Amino acid sequence: MDTHETQPPVVSSPPGRISLRRMTLSDVDDYMVWATDAKVARFCSWEPCTSRDEAIKYITDSVLTHPWLKAICLEDDRPIGYILIMAVDNIRKEIGYVLARKYWGKGYATEAVRLVTAEIFKEMPEIERLEALVDVGNVGSQRVLEKVGFTREGVMRKFLIMKGSLRDMVMFSFLPSDSLK
Amino acid sequence: MPQEETNQENSKESSSEMEIDSWTIKSEKIQTAQKIHLRPMTLSDIDDFMVWATDSNVTRFCTWEPYTSREAGIAFINDVVLPHPWLRAICLDNDRPIGSISVTPVDKIRGEIGYVLGSKYWGKGIATEAVRLVAAEIFKEKPEMERLEALVDVDNVGSQKVLEKVGFTREGVMRKFMCLKGNVRDMVMFSFLPSDSLH
């Protein structure tokens with residue numbers, strides 16, 4: 001007996017699929033899902049987490065104290081990753097994000113970056129430039145920024161050391177005067 | 001920094017004209033490149049320093065305003081020049097500085113090159129020669145450096161040409177990258193790696 005499976009029609013992601021909120025210690029088990037995953041950590045500066053105690057320590061020391069870090073949550077309010085803003089200097093901020101692998105390829109990171117980019121200049125009116133530095137090998141993350149409307153400015157060769165290797169990094173930027181896609 | 005041989009004449013121009021024949025008139029001008037050398041700056045360079053440091057044409061794309069007093073110039077040499085990890089006077093044959101060039105660490109692996117030249121000496125390839133000298137030597141002197149970079153104002157076309165002539169790679173325009181004298185400027189990022197070839 002044939003079973004016909006019809007593909008759902010392709011629709012643009014409806015608004016409000018994800019929400020952003022501050023992380024808490026009670027998020028530790030969800031945090032460990034992505035933090036222990038070597039594929040997630042591949043282009044990050046950190047090594048995969050190896051124990052729950054290590055995760056609790058990291059959340060306490062670095063996540064809860066972070067000036068701007070938000071959990072990316074689905075409808076059940078459980079985090080599937082996080083997004084953060086770091087100060088580079090008085091006028092430049094850098095955006096960074098990480099997502100559990102199970103949720104890759106569905107537009108969640110794009111939506112999170114779009115949400116933050118839409119609001120951050122109102123929240124921080126002194127910012128003249130929001131930038132992102134992406135490893136040349138991290139094509140997925142480059143696509144996220146391009147889909148949101150960031151400008152790809154160029155490849156900075158041998159720009160920084162990641163896990164002991166010198167890496168070429170792609171520089172992206174979004175200005176208050178730019179338009180979101 | 002070893003001193004270059006300086007027994008060549010400055011700005012030598014010679015022209016020769018070939019015999020006029022029925023088909024061609026040809027003249028050649030040969031200009032010898034200005035010979036420059038680099039050496040550390042000292043307090044005794046203060047008066048030469050003031051020549052370029054007081055010139056608003058020179059400071060146009062610099063983060064600093066023209067100097068207005070010898071005392072301020074002396075303070076700058078004491079506070080910034082002498083303690084600098086790598087700064088050299090750009091000198092002609094008479095060993096008097098006409099500008100300076102420096103490499104400032106950005107972090108453990110990146111150094112930023114900067115240079116300034118008295119406007120009287122612009123357009124003669126001097127900055128190009130100074131940058132070339134530095135790019136040729138700096139990685140031997142600083143083996144931990146993996147990347148020499150330069151940030152140039154989008155409007156500073158002269159300085160962009162210097163780096164391109166030496167063989168730096170123009171990586172892209174970083175929009176609204178830096179505050180220069182109260183304005184947020186777009187800056188062109190250039191780099192030169194130990195594995196790159198000088199032009």
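Every value quoted in this text rests on a predicted model; they were computed, and no experiment measured them. Within every chain, numbering begins at 1; the chains are lettered A, B, ... in the order of the sequence lines, protein sequences first and strands thereafter.
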Given a strict heavy-atom distance threshold of 4.5 Å, which part of [X] is in contact with chain A: side chain, backbone, both, or neither?
X: D196(B); value: side chain
X: F192(B); value: backbone
X: L193(B); value: both
X: V173(B); value: backbone
X: R110(B); value: side chain

Between [X] and [Y], is there shared hydrophobic-cluster membership here, with clusters defined by ILVMFWY side-chain heavy atoms closer than 4.5 Å?
X: L115(A); Y: W104(A); value: yes
X: F43(A); Y: M169(A); value: no
X: L166(A); Y: V136(A); value: no
X: Y67(B); Y: L43(B); value: yes
X: V106(B); Y: I113(B); value: no

Heavy-atom distances under 4.5 Å only: say whether [X] touches chain B with side chain, backbone, both or neither.
X: M171(A); result: side chain
X: D178(A); result: side chain
X: R157(A); result: both

Closest approach of [X] and [Y], non-hydrogen atoms and distance?
X: K158(A); Y: R147(B); answer: O-CD, 3.4 Å
X: I91(A); Y: K176(B); answer: CD1-O, 4.1 Å
X: I109(B); Y: L160(A); answer: CD1-CA, 3.8 Å

Got more than 12 heavy atoms from elsewhere within 6.0 Å of [atom1], [X]?
X: K57(A); atom1: NZ; value: no
X: R22(A); atom1: CZ; value: yes
X: R78(A); atom1: CZ; value: no
X: K181(B); atom1: NZ; value: yes

Selection from R170(B), M174(B), E146(B) maximising heavy-atom pairs under 4.5 Å formed with chain A: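 The candidate making the most pairs under 4.5 Å is M174(B).
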Ring-face cation of R129(A) near F177(B) (centre distance under 6.0 Å, axis angle within 45°): no
